[in-house]
Amino acid sequence: MYCRFCGKEVGDAKWCPYCGAQQPAQEDKTFFNGSNSEESRNAWGEQINLNTPAPRTNGFSIAGLILSFFSPLLGLIFSLIGLVKSRQYQSGRVIAIIGIIVSIATFIFNTIVYNYMRPYIEQILLEAGYVF
Ligand SMILES: [Zn+2]
């Protein structure tokens, strides 16, 4: 069984061990879907609005941002997926946008290094005795 709030696997636990939300009893399927129970409390007594799913970790955005520093193409792909998924996950939108910007910046930086710095780097390597 998966937690209604954070989406993590919680087995048959009565309370979610990750977010503390009460889980529906097996025989009470209407607990979370009933129109008369729009609010509930988690294990700490805090009120939860059942109509608003809790934000989930957007792994695509995080992966996209990390990858953008090393591989602009992969960083851009993961960041774009993260941006699309950010509405569904309710998280990772800003991280995805930063990832897209960093991907483009890394691509431009790599292009500049390759096109303009390469002759100098080759010259340094030649003078150091490196044979191409
Ligand atoms: Zn949970």
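When a ligand or atom number is given, it counts from 1 through the structure's own listing order. What you see is a predicted model; the values in this text were computed from it and never measured.
- Here the side chain of Q23 pairs no donor or acceptor atom with the backbone of D12 at under 3.5 angstrom.
- L76 and L73 fall into different hydrophobic clusters, where Ile, Leu, Val, Met, Phe, Trp and Tyr are joined by side-chain heavy atoms under 4.5 Å apart, directly or via other members.
- Around the Zn ion (ligand 1), the protein atoms of type N, O or S that sit closer than 2.8 Å are C3 SG, C6 SG, C16 SG, C19 SG.
- Clustering ILVMFWY residues whenever any of their side-chain heavy atoms sit less than 4.5 angstrom apart, transitively, puts V84 in a cluster other than the one holding Y89.
- Remark: the backbone N or O of S79 is not paired with any side-chain donor or acceptor of S61 at under 3.5 angstrom.
- A pairwise comparison of heavy atoms in A96 and G82 identifies CB-C, 4.0 Å as the closest pair.
- A donor-acceptor pair is defined here as one N or O able to donate and one able to accept, closer than 3.5 Å; such a pair exists between the side chain of T106 and the backbone of S68.
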